[in-house]
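Remarks on the structure that follows.
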Protein chains: 2
Amino acid sequence: MPLGKDYARQECSIARALEIVGERWTLLVVRDALYGVRRYNDFLIHLGAPRAVLAARLQALIAEGILEKRRYQQSPPRDEYVVTQRGLALWPTLRSLGLWGREHFGEAKLRIFQHADCGTELGPYGECPTCGTVVPVPDVLMVPGPGLDPDPADPVSRALLKPKRLLEPIETGQG
Amino acid sequence: MPLGKDYARQECSIARALEIVGERWTLLVVRDALYGVRRYNDFLIHLGAPRAVLAARLQALIAEGILEKRRYQQSPPRDEYVVTQRGLALWPTLRSLGLWGREHFGEAKLRIFQHADCGTELGPYGECPTCGTVVPVPDVLMVPGPGLDPDPADPVSRALLKPKRLLEPIETGQG
DNA sequence: ATCCAAGGTTCAATGAATGAACTTCCCTGC
DNA sequence: GCAGGGAAGTTCATTCATTGAACCTTGGAT
């Protein structure tokens with residue numbers, strides 16, 4: 001494989017990780033999955049990625065055990081993509097990447113993550129400063145920050161305006 | 001810009017971050033820079049990336065303020081690339097990405113990161129469990145793990161076998 | 001019988017990555 | 001004074017990936 005996604009010469013866990021989630025769009029798919037996006041069309045709308053690329057990335061993420069395809073209705077047959085434990089484990093990475101992006105390149109705070117139990121905003125490592133524990137992903141409450149467009153065009157972005165816990169499926173109103 | 005590195009439709013700090021460090025090779029360049037690699041040829045040898053791509057990535061990283069070009073000798077004029085504060089701030093992201101890669105896809109531990117002051121192995125967020133503090137990057141001691149090839153071919157990998165602090169420049173023996 | 005929506009696949013065009021070859025600058029040895 | 005060499009790139013044809021638009025399929029709903 002002369003070109004492509006691998007880093008053959010690297011003896012490094014970071015390189016291994018990047019071979020799996022380092023391609024264009026991949027980490028954003030995982031992000032959306034953590035935010036509660038589950039359906040092909042919702043990923044498509046929210047990401048704006050080409051259909052073929054999205055399909056390929058979903059396939060790859062399933063093959064690596066990061067997402068799982070699950071039938072949620074029989075007729076017509078419809079599947080949804082949900083994150084596995086392995087996908088969940090990417091939360092600290094995404095959190096720190098987002099934090100870095102905001103601190104060094106972002107203007108306003110776009111999304112705020114809180115401990116659902118006590119309302120405290122999470123620290124840089126996903127911990128709750130009040131409770132002194134690392135907050136499990138399902139207990140993270142995501143609320144819109146001041147920098148977020150209050151009236152976005154697409155229904156997925158609109159659904160993501162409502163405060164909600166991570167992983168909790170979004171409600172597009174067209175469901 | 002119809003194709004390329006940006007994620008125009010995304011209103012998200014993670015997407016902003018990925019526009020900057022999400023391209024192929026970029027995060028590995030930053031990783032190497034944190035490990036103490038500083039010279040074009042050393043990056044080249046250690047990464048195995050095409051020369052043109054490496055040059056482009058170094059340029060981009062400088063433009064974004066993640067690396068800094070610094071003259072380290074006048075004649076012949078030679079520059080080295082060193083990480084800035086902004087680049088340093090990527091350490092938690094790289095750390096958690098590497099941890100995820102190892103826990104979910106790696107076999108053995110390749111590199112071990114310790115608190116230089118006390119020798120304790122770092123926790124998942126770069127903290128020292130003994131001292132109870134987040135360890136500053138220059139105080140992180142990197143030692144080879146059991147899974148690392150003890151006799152690598154290239155001189156940079158060989159230099160990275162010696163226990164050393166992050167950021168401390170490598171010694172290739174040909175310097 | 002026709003329309004529609006979800007979830008894809010196919011395809012030509014474009015842009016990025018690759019590896020090899022070439023260039024430049026300056027130093028060192030003969 | 002000249003040949004050779006290393007560091008740090010640039011150039012270029014080829015290969016691969018991404019893009020966006022169009023098309024396809026399945027199974028309701030009208």
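A quick note: this is a predicted structure, and the numbers were derived from the prediction, not measured. Just so it is clear: chains get the letters A, B, ... in the order the sequence lines come, proteins before strands, and each one is counted from 1.
- Nearest to the side-chain atoms of B:P76 among the listed nucleotides D:dA8, C:dC26, D:dG9 stands C:dC26.
- Rounded to whole Å, the distance from CZ on B:R78 to P on C:dT24 is 16 Å.
- Less than 4.0 Å separates DNA chain C from at least one heavy atom of each of the following residues of residues 40-53 of chain B: B:P50, B:R51, B:V53.
- Per the geometry, CZ belonging to B:R71 stands 11 Å off P belonging to D:dA8, to the nearest Å.
- Salt bridge absent: A:E11 and B:R111 never bring a charged side-chain N and a carboxylate O closer than 4.0 Å.
- For residues 49-67 of chain A, no residue pair satisfies the salt bridge (charged side-chain N to carboxylate O under 4.0 Å, His left out) rule, not counting sequence neighbours.
- For B:R38 and D:dA7, the CZ to C1' distance is 17 Å, given to the nearest whole Å.
- A salt bridge is absent between A:E80 and A:R39; no separation between the charged side-chain nitrogens and carboxylate oxygens falls under 4.0 Å.
- Between the CG atom of A:D6 and the C1' atom of C:dT18 there is a distance of 12 Å, rounded to whole Å.
- Nearest nucleotide to the side chain of B:A55, out of C:dG7, C:dT18, D:dT10: D:dT10.
- Between A:Y72 atom OH and D:dG27 atom C1' the separation is 13 Å, expressed in whole Å.
- The side chain of A:K69 places an N or O atom within less than 4.0 Å of a non-bridging phosphate oxygen (OP1 or OP2) of C:dG8.
- Nucleotide C:dG8 holds its P atom 8 Å from the CG atom of A:L54, rounded to whole Å.
- Here the P atom of nucleotide C:dT9 and the CG atom of A:L58 are 10 Å apart, to the nearest Å.
- In the set C:dT18, C:dG8, C:dG7, C:dG8 carries the atom at the smallest distance from any side-chain atom of A:Y81.
- For A:R57, the listed nucleotide lying nearest its side chain is D:dT18; candidates were D:dT18, C:dG8, D:dG27.
- For D:dA17, neither phosphate oxygen OP1 nor OP2 lies less than 4.0 angstrom from any side-chain nitrogen or oxygen of A:W25.
- For residues 10-30 of chain B, every residue pair satisfying the ring pair (Phe, Tyr, Trp, His ring centres under 6.0 Å) rule, not counting sequence neighbours, is listed here: A:Y7-B:W25.
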Side-chain polar contacts of residues 96-105 of chain A - donor-acceptor pairs under 3.5 angstrom, sequence neighbours left out - could you list them?
| unit_1 | atom_1 | unit_2 | atom_2 | d |
| --- | --- | --- | --- | --- |
| A:S96 | OG | A:P92 | O | 3.4 |
| A:S96 | OG | A:T93 | O | 3.2 |
| A:S96 | OG | B:T93 | OG1 | 3.0 |
| A:W100 | NE1 | B:R86 | O | 2.9 |

Enumerate, atom names and distances included, each donor-acceptor pair closer than 3.5 Å involving a side-chain atom of residues 125-140 of chain B, sequence neighbours excluded.
| unit_1 | atom_1 | unit_2 | atom_2 | d |
| --- | --- | --- | --- | --- |
| B:E127 | OE1 | B:Y125 | N | 3.0 |
| B:T130 | OG1 | B:T120 | OG1 | 2.7 |
| B:D139 | OD1 | B:R165 | NH1 | 3.2 |

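- One interatomic measurement links the two molecules: CD of B:Q59 to P of D:dT10, which rounds to 7 Å at whole-angstrom precision.
- The ring pair (Phe, Tyr, Trp, His ring centres under 6.0 Å) analysis of residues 39-98 of chain B, with sequence neighbours excluded, yields the pairs B:W91-B:F113.
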